[in-house]
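Here's the structure we're looking at; comments come further down.
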Amino acid sequence: MSEDTATLRYDKGTLWVEGVSPETAEEIGFLSHDGRSGGHRAPAYRYEELTERLRDSGVEHEDVLRFPDLSVESEAQLRPYQREALGEWKEGGGRGTVILPTGAGKTYIALKAIEELREYTFVVVPTLELVDQWVATLREELRADGFDPEELVGEYTGRQKRRAPITVATYDSAYIHAENLGADYGLVVFDEVHHLPSEGYRHIAEFFASPCRMGLTATYERPDDLHERLGDLIGGRVYEAEPDDLSGEYLAEYEVEQVKVELSEEERERYDEKISVFTEYLAGSGIRLEEPSDYRKIVMRSGTDPRAWEAIRARNEARKTAYGSSAKREKLAELLERHRGDRVIVFTRYNEAVYDISERFHVPAITHETNKSEREEILSRFRGGEYSAVVTSQVLDEGVDVPAANVGIILSGTGSTREYKQRLGRILRPTGGKAKLYEVVANGTSEIRTSRRRKG
């Protein structure tokens, strides 16, 4: 039994521990000695582990961190897979990530966690649109004695900074102010948690002392492999379901069809000319593109090697030729006519293609340049049936509440599995019929490999 008596306090993202001997600090393993104060310190996210190790070492300790209790109730009922996900998360000690397709109700799992844990909660989301969705859902579903819904759920963003027992923030605002927020919430929830491991945002998790941590996403992996950091920051995967696991009963049944089109003679000549510049550079440089990340090697060289820069430019021009082929426009016209009575989202990679399709087919366009009020009006008319189709680049992939669509048409995109799953998720909300996702690809081009890669 140790004779140490420790005192824990939180200050700006750091846990300060006083009264611990060097031997005990070494035994705990992650405490750093502070020469100025004579005490020790640890990152705030180590709080739960630190208190456990102090107890295991027999160290009496005064803990000045006191996470307030919150008694809330909700009449919301979880589906079987949602209950299973919540149970697995609790079995994991109230830590870890739940991976479910878009439209599967991840928000309600967090809502029930708040109800069952009775902890003050901080929710982090990537966009203001998601802030609005979370705030509206939490205020509608949760009730607590002594609080009206406006007092129970607050917002911490660039628009307003009002903390409440349950507070919803953007990643940007949470990152900027994390050191002043991290001592007051027993549960922190990260929606679209694949954003968290990026440089900067990971400090949110590091600066919060919250013992309980939940990640939510439809797409866990990152191409840079930084998702491997999530295990340390909030816990690893605790539950995962794919669209096929839920389609039919909880999500729409769906079908994916790849449609191959042929480049015109002129387009083929242009494509082959440009892609040969790129492949010849690869052959002479010794670089092999075995993984998507290998392309960065060429990018890194392009600052000092004019041939590398020319190869990158040639590759981009070749891809744009494939993406914008006349046959794709003809196929799009055919598909829009075929699905005239459906709700259709057309996905393409480049904004210039979005505007071209919008003008040619009289379909409203949504890009990052579309302001919020215009986007909301377009989606409202899409929801109401006034518009039967919209065309977009990557802006609708996540973070925006998209009305139920049942047909998706991918004219171009990356090889990212995440992007593919997000786009598929946009058509999986139940609408009473079978959903259909088309991938329109140019035959004999790199799009064929890209299509295979994004499906994992």
Side-chain angles (χ1 to χ4, degrees), residues 76-82 99-108 133 137 218-219 241-261 328-348 354 357-358 361-366 375-413 417-441 451 454-456:
Q77 299 297 313
L78 296 184
R79 297 167 176 171
Y81 67 88
Q82 293 170 321
I99 306 162
L100 288 173
T102 300
K106 294 182 286 292
T107 302
Y108 283 87
Q133 292 173 45
T137 300
T219 52
E242 294 289 341
D244 287 350
D245 300 324
L246 305 180
S247 66
E249 186 173 4
Y250 302 108
L251 298 177
E253 293 186 22
Y254 71 95
E255 178 184 356
V256 177
E257 179 181 344
Q258 185 185 81
V259 180
K260 294 180 180 179
V261 298
K328 282 194 175 186
R329 298 299 194 271
E330 293 170 6
K331 179 56 66 174
L332 177 59
E334 177 188 322
L335 294 175
L336 289 175
E337 179 62 29
R338 182 186 306 173
H339 293 283
R340 183 176 290 275
D342 294 305
R343 296 284 187 278
V344 182
I345 303 178
V346 181
F347 299 100
T348 188
V354 171
I357 291 167
S358 177
F361 295 99
H362 307 291
V363 174
I366 299 177
R375 182 174 66 231
E376 288 178 346
E377 181 180 358
I378 291 171
L379 292 178
S380 176
R381 293 186 177 189
F382 184 64
R383 181 185 295 108
E386 185 176 347
Y387 297 148
S388 62
V390 296
V391 58
T392 183
S393 50
Q394 295 172 305
V395 71
L396 294 187
D397 287 351
E398 74 173 28
V400 178
D401 185 19
V402 179
N406 64 325
V407 176
I409 303 172
I410 300 176
L411 288 186
S412 62
T417 301
R418 176 189 305 144
E419 179 186 84
Y420 174 75
K421 287 185 176 181
Q422 288 166 338
R423 291 178 170 185
L424 175 60
R426 291 309 185 192
I427 65 170
L428 292 183
R429 298 183 190 276
T431 58
K434 194 171 187 178
K436 186 70 174 280
L437 181 67
Y438 295 95
E439 286 186 288
V440 185
V441 297
S451 175
R454 63 178 164 231
K455 294 175 185 175

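Treat the numbers as computed from the prediction; the structure is a model and nothing was measured.
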Next on the checklist: Working note: H339 + Y438, criterion ring pair (Phe, Tyr, Trp, His ring centres under 6.0 Å); need CA distance, chi angles, decisive distance, verdict.
Outcome noted: CA-CA 12 Å; H339 293 283; Y438 295 95; 5.5 Å; yes

Working to the nearest 0.5 angstrom, can you tell me the gap between [X] [atom1] and [Y] [atom2]?
{"X": "R343", "Y": "N406", "atom1": "CZ", "atom2": "CG", "result": "8.0 Å"}
{"X": "F347", "Y": "R426", "atom1": "CZ", "atom2": "CZ", "result": "7.5 Å"}
{"X": "Q422", "Y": "T219", "atom1": "CD", "atom2": "OG1", "result": "4.5 Å"}
{"X": "L332", "Y": "L411", "atom1": "CG", "atom2": "CG", "result": "5.0 Å"}
{"X": "Q258", "Y": "L437", "atom1": "CD", "atom2": "CG", "result": "11.0 Å"}
{"X": "H362", "Y": "L336", "atom1": "NE2", "atom2": "CG", "result": "11.5 Å"}

Item to check | Residue list, side chain to side chain donor-acceptor pair (under 3.5 Å) with E337, at least two apart or on another chain | outcome: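 Side chain to side chain donor-acceptor pair (under 3.5 Å) list for E337, sorted by chain: R340.
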
Checklist entry - E255: what forms a side chain to side chain donor-acceptor pair (under 3.5 Å) with it, not counting sequence neighbours? => result none

Checklist entry - Is a side-chain N or O of T137 found less than 3.5 angstrom from the main chain of Q133, in a donor-acceptor match? => result yes

Next on the checklist: Using a 3.5 Å distance criterion without hydrogens, assess whether the side chain of K260 forms a donor-acceptor pair with backbone atoms of V440.
Outcome noted: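 No, because the side chain of K260 does not come within donor-acceptor range (under 3.5 Å) of the backbone of V440.
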
Identify, with sequence neighbours excluded, every residue that meets side-chain contact (heavy atoms from CB on, under 4.5 Å) alongside [X].
{"X": "S388", "value": "none"}
{"X": "L251", "value": "P101, L246, L428"}
{"X": "S358", "value": "A365, V391"}

Item to check | Contacts of type salt bridge (charged side-chain N to carboxylate O under 4.0 Å, His left out), residue K106, not counting sequence neighbours | outcome: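 Per chain and number, K106 pairs via salt bridge (charged side-chain N to carboxylate O under 4.0 Å, His left out) with no residue.
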
Checklist outcome for this item: Sorted by chain and number, sequence neighbours left out, salt bridge (charged side-chain N to carboxylate O under 4.0 Å, His left out) with R338 holds for E334

Next on the checklist: Show, in sequence, the C-alpha distance, side-chain angles and deciding distance for I345 and I409, and conclude whether the side-chain contact (heavy atoms from CB on, under 4.5 Å) test is met.
Outcome noted: CA-CA 6 Å; I345 303 178; I409 303 172; over 6 Å; no

Checklist entry - I366 and F382: side-chain contact (heavy atoms from CB on, under 4.5 Å), yes or no, with the steps? => result CA-CA 12 Å; I366 299 177; F382 184 64; over 6 Å; no

Checklist entry - Does the side-chain contact (heavy atoms from CB on, under 4.5 Å) test come out yes or no for K436 and E257, once each step is laid out? => result CA-CA 8 Å; K436 186 70 174 280; E257 179 181 344; 2.9 Å; yes

What's the shortest heavy-atom distance between [X] and [Y], and which atoms?
{"X": "R429", "Y": "A252", "value": "O-CB, 4.1 Å"}
{"X": "P364", "Y": "A389", "value": "CD-O, 3.4 Å"}
{"X": "I378", "Y": "V390", "value": "CG2-CG1, 3.8 Å"}
{"X": "P243", "Y": "L424", "value": "CG-CD2, 4.2 Å"}
{"X": "K331", "Y": "V259", "value": "CE-CG1, 3.6 Å"}

Checklist entry - Between the side chains of T348 and S412, is a donor N or O closer than 3.5 angstrom to an acceptor N or O? => result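 Yes, because at least one side-chain N or O of T348 sits under 3.5 Å from a partner of the opposite role on S412.
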
Next on the checklist: Between Y254 and D244, do the side chains contain a donor N or O and an acceptor N or O under 3.5 Å apart?
Outcome noted: yes

Next on the checklist: Please list all pairs meeting salt bridge (Lys or Arg N to Asp or Glu O under 4.0 Å) that have one or both residues in residues 245-254, counting only residues at least two apart or in different chains.
Outcome noted: none

Checklist entry - Taking only residues two or more places apart in sequence, or in another chain, which ones meet Y81 in a ring pair (Phe, Tyr, Trp, His ring centres under 6.0 Å)? => result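 In terms of ring pair (Phe, Tyr, Trp, His ring centres under 6.0 Å), with neighbours along the sequence ignored, Y81 is linked to Y250.
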
